[in-house]
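Everything numeric here is computed off the predicted structure, so don't read it as measured data.
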Amino acid sequence: MPHTDLSAVEADVRTWFDQYVATFIGLAAAGRTDPAPLLDYFDAPITMTTDAAHVVLASDAALAAGLAHELQTLRDAGYGGSTALDPEVRALNERSALIEVTWARHDSGGREFQRVRVLYLAARTVAGWRTTASAILSP
C-alpha cells in the first residue's frame, strides 16, 4: 500500500480551523447569539460528548439551537475572548482529521474563567470541511 503525504490535508484543515476560531471568538466576544455564521463549520448530525452528557444534534435546526445556547451562555458569563492553546491537527486520511486544542476562555476583564481540552473530528464533505463530532477530554 503506498504512503500518502497528508501534510497538505493537515495544512488545509488548520486553515479552516483557524477561520472557525476567528469566527467563533469574534461572535462570542461581541456578545452575539445568532449562530448563522458558525453553521458552515459543522455538519448535522453531529455528536458532542462531555463528562456529563452525550448529545446528538440530528438536524440543522437542533445544531443552530445548540450553538445559540452556547453563545448565550458565554454572553451571560461576560465572555471577552479565548485563546486556542497548542492546537494539534492530524490528518487521518484525505477526507478526515482530528483537531485537539485547549481553550482558555477569558471574561471581559481578561481573567481566565475556563480551560478545557477539546477533540474535534473534521470531515471533508461535499460542502467543504465540517466538524462532525467533538468530545471534551478529561484533564
In Å, rounded to the nearest 0.5 Å, how long is the span from OG1 of Thr73 to OH of Tyr79?
13.0 Å
Can you see which heavy atom on [X] is nearest to which on [Y], and at what distance?
X	Y	answer
Ile25	Ser82	CD1-O, 3.4 Å
Ala133	Ile46	N-CG1, 3.8 Å
Ala29	Gly80	CB-O, 3.5 Å
Leu71	Pro35	CD1-CA, 4.0 Å

Identify, with sequence neighbours excluded, every residue that meets side-chain contact (heavy atoms from CB on, under 4.5 Å) alongside Pro87.
Arg14, Val101
By the side chain to side chain donor-acceptor pair (under 3.5 Å) test, which pairs, at least two apart or in different chains, include something from [range]?
range	value
residues 48-65	Thr49-His54
residues 123-139	Asp12-Trp129
residues 25-45	Thr23-Tyr41

Check side chain to side chain donor-acceptor pair (under 3.5 Å) between [X] and all other residues, then give those that pass, not counting sequence neighbours.
X	result
Glu10	none
Ser96	Asn93
Asp107	Arg111

Sort and list the pairs that fulfil ring pair (Phe, Tyr, Trp, His ring centres under 6.0 Å) and have at least one residue in residues 103-125, not counting sequence neighbours.
Phe17-Tyr120
Heavy-atom distance under 4.5 Å between the side chains of Leu67 and Phe42, does that happen here?
yes
Side chain to side chain, Trp16 and Ile99, heavy atoms closer than 4.5 Å
yes
Tell me who clusters with Leu85, hydrophobic residues only, linked when side chains sit under 4.5 Å apart either directly or through other members.
none
Give the other cluster members for Leu119, using side-chain heavy-atom distances under 4.5 Å between Ile, Leu, Val, Met, Phe, Trp and Tyr residues; answer none if it is isolated.
Leu92, Leu98, Leu121, Leu137
Residues at least two apart in sequence or cross-chain that pass salt bridge (charged side-chain N to carboxylate O under 4.0 Å, His left out) with Glu112, listed by chain then number, are Arg115
Going only through I, L, V, M, F, W and Y residues with side-chain contacts under 4.5 Å, is there a path from Leu63 to Val56?
no
Test: salt bridge (charged side-chain N to carboxylate O under 4.0 Å, His left out). Region: residues 74-88. Which pairs qualify, not counting sequence neighbours?
Asp86-Arg117, Glu88-Arg117
